[in-house]
Structures are given as C-alpha cells and as structure tokens.
Protein chains: 2
Amino acid sequence: MPNNFYEKAKELIRHTGYRVTHNRLRTLAILLAEQYALTHREIEERLNVKEHLDRVTLYRVLEWLSKNNLVHKIAGDDRVWRFRVNMELHSHQHAHFICTRCTKVICLNNFRIKSNPSLPLGYLFHEVELTVKGVCAECV
Amino acid sequence: MPNNFYEKAKELIRHTGYRVTHNRLRTLAILLAEQYALTHREIEERLNVKEHLDRVTLYRVLEWLSKNNLVHKIAGDDRVWRFRVNMELHSHQHAHFICTRCTKVICLNNFRIKSNPSLPLGYLFHEVELTVKGVCAECV
DNA sequence: AATAATATGCAACTTAGTTGCATTTAATTA
DNA sequence: TAATTAAATGCAACTAAGTTGCATATTATT
C-alpha cells in the first residue's frame with residue numbers, strides 16, 4: 001500500500017498532533033487518491049482485503065478525519081454520507097454536484113456562494129451549502 | 001379530522017385526476033397545516049391514532065404526493081427525508097434552512113438562486129439546491 | 001520495557017426506508 | 001345500485017447505514 005498518497009496522509013495526520021494509526025493513514029490515502037467524494041462502502045471496497053479493517057472502525061476513522069478537518073462530509077439524497085479530502089484551496093463554502101444517475105458526487109470549487117443570507121428574525125447563520133443536481137459526463 | 005386543510009387537500013388531490021383516498025387527504029392536510037418540513041416520524045405523530053395508518057402506507061402516500069408535485073422532499077444531514085407542501089409561489093428553485101440544533105427545516109422562499117451554473121464539460125444541469133445551516137429562533 | 005490513554009474489533013442494536021403478497025377500497029360500468 | 005377492476009392498503013419480513021458497549025490491542029510517553 002505505501003505510495004505517494006500514503007506518505008502525504010502521514011504528513012497530514014502527523015500534523016494534527018494526534019495518533020498516527022495505520023487505519024487513519026490508509027483511509028486518508030484512499031480519499032487523497034480520488035477526484036470525487038466516496039461513501040463508506042466505496043472506501044471499504046478500495047481497502048486492501050489482506051489487512052482487514054472493521055466496518056465500525058472505518059466509521060470512526062471517517063468521523064475522526066472529519067472532526068480534524070482533513071475531510072468533509074456531504075449528505076446525499078440517498079441517505080448516505082460521502083467523504084472528500086479537504087484541499088487547501090478547498091474552502092468549506094463550496095458547491096457540490098450530484099449525478100442523479102450514478103449518485104456520484106464531485107466538488108465544484110470554481111463556484112462562488114455569497115454568504116450571510118437574510119434569514120428570518122432571530123435566526124443565526126452558520127454556513128451555506130449548494131448542491132447542483134444533474135447528470136455527469138459518463139452517464140449522459 | 002375534517003377541517004379547512006382537509007378540504008383544501010381534497011381539492012388538490014381531486015385535481016390530480018387520481019384516486020382521492022382518506023390517507024392521502026389526511027397526510028396532505030397535516031402538511032398543509034405546517035409552516036415547516038416534516039419527517040415521516042413527525043407526520044405519524046400528528047395522525048389521529050384512532051384511524052390507524054400503516055408505516056409503509058405512509059411512505060407510499062408521501063412518495064405519491066411527491067411524484068404528483070403536491071409536496072417536495074428535502075434531504076437533511078440526519079439521513080431523514082422531510083416533506084413540505086408545494087405552494088403556488090413556492091418554486092422548486094428555492095432554498096432551505098436547517099437548524100443544526102433541532103434539525104427543523106424551513107423553506108426560504110425569498111431566496112434567489114441563479115440557475116444554470118457552469119459545470120465541467122459534458123455535464124448536464126438539472127436543478128440547484130441551496131441549504132443554509134444555522135440555528136433557528138427557538139434554539140438560540 | 002512499563003505505562004496509560006486511545007484506537008480497534010466484535011457482537012448486538014437502532015432507525016429509515018423497501019419489497020412481496022394477500023386483502024380492501026375507490027371509481028367505473030353495467 | 002350492484003358488479004367489476006385497477007389501484008391502495010396492511011402486514012410481515014427484509015435491507016442498509018450507521019451506532020453503542022465492552023473487551024482487547026496499539027500508539028506514544030516515561
């Protein structure tokens with residue numbers, strides 16, 4: 001497994017100051033290698049079967065990566081979380097594209113979202129999330 | 001149960017040309033009475049316990065209402081569908097607000113979303129969904 | 001090498017939503 | 001108004017994502 005992404009993952013996780021575990025490394029390496037957001041299931045499929053990783057542990061690893069701002073979670077219409085690595089350029093105020101055929105999710109980084117929308121009286125703004133639905137190039 | 005909302009529901013469902021059933025009427029009446037989007041669970045709680053409605057039937061009723069454009073579905077971060085009645089003024093190109101404390105969803109009708117965003121080559125645009133996250137007035 | 005806190009694996013559980021099928025009901029026709 | 005029939009309903013069983021508790025293993029520190 002050790003490859004460029006694994007080394008990059010090591011750097012990123014070490015930088016958090018918390019424990020550098022093999023499961024965190026290989027999970028993050030898989031996400032670093034992908035251009036789009038992956039589900040728990042898709043990550044499991046990409047894991048080396050020889051080194052077993054428990055379902056529950058993977059959930060906890062993803063939760064940990066998310067809490068430590070190394071990845072972000074995207075809620076899809078299929079009630080499944082998708083995970084995408086956070087790039088430097090990749091602010092939290094960005095848009096997602098969901099393909100309604102294959103349910104794949106990609107991030108639209110070139111998208112501008114004006115924040116601080118006008119909400120009803122007494123409401124507190126936190127963040128805005130924009131999802132574009134359509135059909136991706138492979139599914140057209 | 002028969003009330004203003006029930007009569008309004010009757011009018012709307014009759015207008016579709018399909019079968020006018022008691023379960024469709026009372027489900028739609030509940031949604032017509034609410035200012036925000038309800039989950040399957042919340043609708044169940046509002047149903048008259050004396051006239052039992054099966055869980056599965058409610059799922060199918062909601063699906064039917066949605067397909068016939070009487071309500072629309074909103075995907076939340078808690079993997080739960082929420083349903084909101086479609087008003088005339090209430091186009092599909094509108095924004096939703098999700099309270100991160102109580103997970104309540106309201107529709108922001110005064111929100112303008114410019115459609116037809118620029119997507120990667122070969123991608124087909126369908127619709128855009130904007131979700132604002134924050135804390136509602138009751139939870140502040 | 002001993003330690004202490006944290007991560008992991010396993011089993012069992014929860015919750016939203018779905019499927020198949022027999023029965024009932026709304027709307028149509030005789 | 002009764003007979004018909006296609007669609008709606010209820011029930012049981014199922015699926016799939018994600019969670020909890022607890023014993024065991026591992027990381028990083030002393």
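So that the names make sense, note that chain A is the first sequence line, chain B the second, and so on, each numbered from 1.
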* Does A:Glu138 come within less than 4.0 Å of A:Arg101, counting only side-chain N to carboxylate O? -> no

* Asked: OP1 or OP2 of D:dA8 less than 4.0 angstrom from a side-chain nitrogen or oxygen of B:Arg24, does that happen here?
  -> yes

* Asked: For the side chain of A:Glu42 and the backbone of A:Thr39, is there at least one donor-acceptor N/O pair under 3.5 Å apart?
  -> yes

* **Cation-pi geometry met for A:Arg24 and A:Trp64 (6.0 Å, 45°)** => yes

* With distance as the sole criterion, do the side chain of A:Arg55 and the base of D:dG18 form a donor-acceptor contact below 3.5 Å? -> yes

* Structure fact -> Nt span of DNA chain C in reach of chain A heavy atoms at under 4.0 Å, 5' end first, is C:dA5 to C:dG17

Please tabulate, one pair per line, all N/O donor-acceptor pairs under 3.5 Å involving side-chain atoms of residues 9-20 of chain A, not counting sequence neighbours.
from: A:Thr16; atom 1: OG1; to: A:Ile13; atom 2: O; distance (Å): 2.6
from: A:Thr16; atom 1: OG1; to: A:Tyr18; atom 2: N; distance (Å): 3.1

* Salt bridge A:Arg55-A:Glu44, side-chain N to carboxylate O under 4.0 Å -> no

* Asked: If only atom types and distance count, is the side chain of B:Arg26 paired as donor or acceptor with the main-chain N or O of B:Glu51 below 3.5 Å?
  -> yes

* Asked: Relative to each other, are the rings of B:Tyr59 and B:His40 parallel, tilted or perpendicular (30° and 60° limits)?
  -> parallel

Taking only N/O atoms, report every protein-nucleotides 28-30 of chain D pair under 3.5 Å with atom names and distance.
from: D:dA28; atom 1: OP1; to: A:Val20; atom 2: N; distance (Å): 2.8

* Give a yes or no answer on whether the side chain of B:Thr131 reaches the backbone of B:His96 with a donor-acceptor pair at less than 3.5 Å. => no

* Structure fact -> For B:Val132 and B:Leu108 the tightest heavy-atom approach is CG2-CD1, 3.9 Å

* Asked: Atom NZ of B:Lys67 and atom P of D:dA7: how far apart are they, to the nearest Å?
  -> 13 Å

* **Donor-acceptor contact present, side-chain B:Arg84 to main-chain B:Ala37, <3.5 Å** => no

* Structure fact -> Across all chains, not counting sequence neighbours, the side-chain contact (heavy atoms from CB on, under 4.5 Å) partners of A:Arg60 are A:Val56

* For DNA chain C, what residues of residues 57-66 of chain B have any heavy atom nearer than 4.0 Å? -> B:Tyr59, B:Arg60

* Send over the distance from B:Arg79 CZ to D:dT15 P, rounded to a whole Å. => 17 Å

* Specify the closest pair of heavy atoms between A:Phe5 and A:Leu32, including all atoms of both residues, with the distance to one decimal. => O-CD1, 3.5 Å

* Just checking A:Val56: base, sugar-phosphate only, or nothing, at a heavy-atom cut-off of under 4.0 Å? -> base

* Asked: Rounded to whole angstroms, how far apart are NE2 on B:His22 and P on D:dG10?
  -> 10 Å

* **d(CG, A:Asp54; C1', D:dT26) in whole Å** => 15 Å

* With distance as the sole test, does B:Ser66 use its side chain to make a donor-acceptor pair with the main-chain N or O of B:His72 at under 3.5 Å? -> no

* Asked: Is A:Arg41 touching bases, backbone alone, or none of the nucleic acid, heavy atoms closer than 4.0 Å?
  -> sugar-phosphate

* Separation of atom CG in B:Asp78 from atom P in D:dG18, rounded to whole Å -> 12 Å

* Would you check if the side chain of B:Asn68 reaches a backbone N or O of B:Leu70 as a donor-acceptor pair within less than 3.5 Å? => no

* Asked: Can you find a side chain N or O atom of B:Asn23 that sits less than 4.0 Å from OP1 or OP2 on D:dA8?
  -> no

* Specify the angle, to 10°, made by the local axes at the two ends of the helix from C:dA1-D:dT30 to C:dA30-D:dT1 when five pairs are taken at each end. => 30°

